[in-house]
Amino acid sequence: MTRPIRIAVTGPCGQIGYSLLFRIAAGDLFGPNQPVELRMLDRNSAEQNSKLKGVMMELSDCAFPLLAEMTACPDEKTLFQDAECVFLVGARPRGPGMDRADLLTANGEIFQKQGRALDEVASRDVRVCVVGNPCNTNAYIAMKNAPSLAPHSFSALMRLDQNRAMARVAEKLNVPVKTVEQVFVWGNHSNTMYPDLRFLRTGGRRVEESAFDQEWLEQFVPNVATRGGQIIKARGASSAASAASAAIDHMRDWILGAEGKITTMAVPSDGSYGIPEGLMFGFPCMCPGEGQYQIIKDLPMTPEVKQRLVVTRDELLAEVEAVKHLLP
Ligand code: NAD
Ligand code: LMR
């Protein structure tokens, strides 16, 4: 029988965790022939311990054929021991009126501790996707605190922003979302992100800007960038099932390959497009499989797009400055 892949998830009692775990165990991440082992860690309190027990009772009751083993872990080191695939979800979400960066103080320390533990005990081939906000800078903190792991083991979730952009385009053009390609998002998972439509294709054909009316085009960028806030307003809680789904898309494409499609990942910059090396920045990437990705280089830039990248880069640099005390 195929060896189970060891997957670690933080925040299993939260909203995203509750969706993510069941999707992973059902086979949505690694397909119908790959067993998985789930390791979970939430905050150590009587309430969260009881919740996690309940989540595990439900996972068990699904009788998932692919769920080979599951463990509630007492600490980070047990959680990450030999972990191959890690979702760092556990962190506070923002509420109405807050920006994601307001969470830096509340959440930053979590990722310092987790980075250190990953450094010590994770598989040397681990792949980490940070979901907890502000996800780019939290991923940066974790990466910097794990100097013995390759920086390219770390990433942050911006696939949700790409999925949102694809969905808006599909709605506007009245085409199936599966036909929408080559939409991606630059920068920070924040209001400064830049969803780029310049290379859009549907059904394999280029779509020019003239296919959209001016009013829609003007609203497109803010609409995608503030979608998280719109959901908080409508639902009274931040996006959960869509975030879990995007996290699955991100990790699946990274590890198994994206079949030649462009996919957005926040990854440590290699200096491309004038983004300082190491900064955790949303780039268009190709994922050839086997846990590899390549940042797509040398895309043509206009003065407007360059300016957008400068704004979101500077915001990320300011976030990094604010968490200097959490970096080694
Ligand atoms: P939630 O409050 O429902 O759940 C968070 C869970 O994490 C809770 O069970 C909490 O006890 C646990 N937790 C907190 N600190 C922990 C720690 N140190 N170790 C382990 N577990 C810990 O929140 P949620 O809605 O699931 O969102 C989780 C995070 O994901 C938030 O920061 C949210 O802003 C972020 N998010 C990111 C994206 C994205 O696209 N990057 C999308 C949606 C949400
Ligand atoms: C999202 O984009 O839905 C998440 O980052 C949650 C939030 O705070 O917006």
Side-chain angles (χ1 to χ4, degrees), residues 8-21 39-55 72-80 86-118 129-139 141-142 155-165 185 187-193 195 223-251 264-266 280 282:
V9 178
T10 65
C13 303
Q15 300 192 88
I16 296 176
Y18 192 65
S19 176
L20 180 64
L21 291 165
R39 296 194 160 210
M40 295 161 274
L41 172 74
D42 209 284
R43 275 183 300 121
N44 184 15
S45 68
E47 190 188 347
Q48 297 312 90
N49 292 344
S50 167
K51 266 194 198 165
L52 183 50
K53 189 173 165 205
V55 170
C73 296
D75 53 42
E76 280 81 2
K77 276 205 198 151
T78 318
L79 177 74
F80 296 139
V86 173
F87 293 93
L88 299 184
V89 181
R92 240 185 80 185
R94 66 174 167 153
M98 288 170 78
D99 277 331
R100 296 182 185 95
D102 297 337
L103 294 169
L104 260 188
T105 320
N107 291 337
E109 277 177 29
I110 296 174
F111 296 87
Q112 179 189 43
K113 192 171 179 197
Q114 292 177 352
R116 287 175 178 166
L118 283 163
C129 173
V130 175
V131 178
N133 275 323
C135 59
N136 301 55
T137 299
N138 288 337
I141 296 170
S155 67
L157 182 68
M158 288 191 60
R159 182 61 173 267
L160 179 57
D161 306 304
Q162 174 181 316
N163 288 351
R164 287 168 171 167
V185 183
N188 195 5
H189 177 63
S190 77
N191 290 353
T192 66
M193 73 178 74
N223 211 353
V224 173
T226 64
R227 184 76 167 181
Q230 294 169 39
I231 287 171
I232 291 172
K233 203 166 159 206
R235 226 172 72 83
S238 74
S239 62
S242 57
S245 193
I248 297 247
D249 290 344
H250 173 115
M251 194 64 94
T264 304
M265 298 170 75
M280 202 58 76

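What you see below is based on every heavy atom in this structure, not just the backbone, and it leaves out hydrogens, waters and symmetry mates. Just so you know, ligand 1 is whichever comes first in the structure, and atom 1 is the first atom listed for that ligand.
- Considering backbone and side-chain N/O of G14, one or more are found under 3.5 Å from N/O of ligand 1.
- Of all atoms in ligand 1, listed by their number and element, those nearer than 4.0 Å to a heavy atom of P93 are 2 (O), 23 (O), 31 (C), 32 (O), 33 (C), 34 (O).
- Across the listed options V131, V89, L41, V131 owns the non-hydrogen atom lying nearest to atom 37 (C) of ligand 1.
- Ligand 2 lies less than 4.0 angstrom from a heavy atom belonging to I232.
- Annotation: side chain of I248 is in contact with side chain of L20 (closest heavy-atom distance under 4.5 Å).
- T226 places no side-chain N or O within donor-acceptor distance of the main-chain N or O of G229, the cut-off being under 3.5 Å.
- For atom 19 (N) of ligand 1, the nearest protein heavy atom (residue, atom name, distance) is Q114 NE2, 3.9 Å.
- The two atoms that bring P12 and L52 nearest to each other are CG-CD1, 3.7 Å, heavy atoms only.
- For ligand 1, the atoms lying closer than 4.0 Å to a non-hydrogen atom of R92 are 31 (C), 32 (O).
- Inter-residue side-chain proximity for R94 and D102 is flagged as unmet; no heavy-atom pair is nearer than 4.5 Å.
- Here C13 has heavy atoms under 4.0 Å from ligand 1 in both its backbone and its side chain.
- Near R100, meaning under 4.0 Å from any of its heavy atoms, are these atoms of ligand 2: 1 (C), 2 (O), 4 (C), 5 (O), 7 (C), 8 (O), 9 (O).
- Between F111 and Q114 the shortest side-chain heavy-atom distance falls below 4.5 Å.
- Of the polar atoms of N133, at least one N or O is found under 3.5 Å from an N or O of ligand 1, judged by distance alone.
- Neither the backbone nor the side chain of R227 comes within 4.0 Å of ligand 2, counting heavy atoms alone.
- Using a non-hydrogen distance threshold of 4.0 Å, I231 does not register as a contact of ligand 2.
- Here the shortest heavy-atom distance to atom 43 (C) of ligand 1, taken over S239, G228, C129, belongs to S239.
- Counting atoms of ligand 1 from 1 in the listed order, those under 4.0 Å from a heavy atom of I110 are 15 (N), 18 (N).
- In this structure, atom 7 (C) of ligand 2 lies nearest to the protein heavy atom R94 NE, 3.2 Å.
- Using a 4.0 Å heavy-atom cutoff, R164 is listed among the residues neighbouring ligand 2.
- The atoms of ligand 1 that sit less than 4.0 Å from any heavy atom of L160 are 40 (O), 42 (C).
- With no hydrogens or angles considered, no side-chain donor-acceptor pair links N223 and R227 at under 3.5 Å.
- Proximity of K113 to ligand 1, defined as any heavy-atom pair under 4.0 Å, is not found for any part of the residue.
- Around atom 22 (C) of ligand 1, the closest heavy atom drawn from S19, A237, G95, G90 belongs to G90.
- The closest protein non-hydrogen atom to atom 5 (C) of ligand 1 is A91 O, 3.5 Å.
- For the pair R39 (side chain) and T78 (backbone), a donor-acceptor distance under 3.5 Å is present.
- The backbone and the side chain of I16 each have at least one atom closer than 4.0 Å to an atom of ligand 1 (non-hydrogen atoms only).
- Counting only heavy atoms from C-beta outward, the side chains of D161 and H189 approach each other to under 4.5 Å.
- Between the side chains of N107 and N138, not a single donor N or O lies within less than 3.5 Å of an accepting N or O.
- At a heavy-atom distance under 4.0 Å, only side-chain atoms of S238, from C-beta outward, approach ligand 1.
- Under 4.0 Å from ligand 1, the heavy atoms of A243 that appear belong solely to its side chain.
- With hydrogens and angles left out, the side-chain atoms of R164 and Q230 include no donor and acceptor closer than 3.5 Å.
- Atom 11 (O) of ligand 1 has its nearest heavy-atom neighbour, among D42, L79, L20, in D42.
- The protein atom (non-hydrogen) at minimum distance from atom 6 (C) of ligand 1 is G11 CA, 3.8 Å.
- Any N or O atom pair closer than 3.5 Å counts here, and D161 shares no such pair with ligand 2.
- Side-chain atoms of R235 come within 3.5 Å of backbone atoms of S238 as a donor-acceptor pair (strictly under, hydrogens ignored).
- Nearest to atom 39 (C) of ligand 1 among the protein's heavy atoms is H189 NE2, 3.4 Å.
- Within the 4.5 Å cutoff, the side chain of N136 has heavy atoms near those of the M158 side chain.
- Near S238, with a cut-off below 4.0 Å to any heavy atom, the atoms of ligand 2 are 6 (C).
- The protein non-hydrogen atom at the shortest distance from atom 5 (O) of ligand 2 is H189 NE2, 2.6 Å.
- Looking at Q48 against ligand 1, only its side chain comes within 4.0 Å, counting heavy atoms.
- What sits closest to atom 25 (O) of ligand 1 on the protein, heavy atoms only, is Q15 NE2, 2.8 Å.
- Remark: minimum distance from atom 16 (C) of ligand 1 to any protein heavy atom is reached at R43 CG, 3.7 Å.
- Residues S242 and L160 meet the side-chain proximity criterion, which asks for heavy atoms closer than 4.5 Å.
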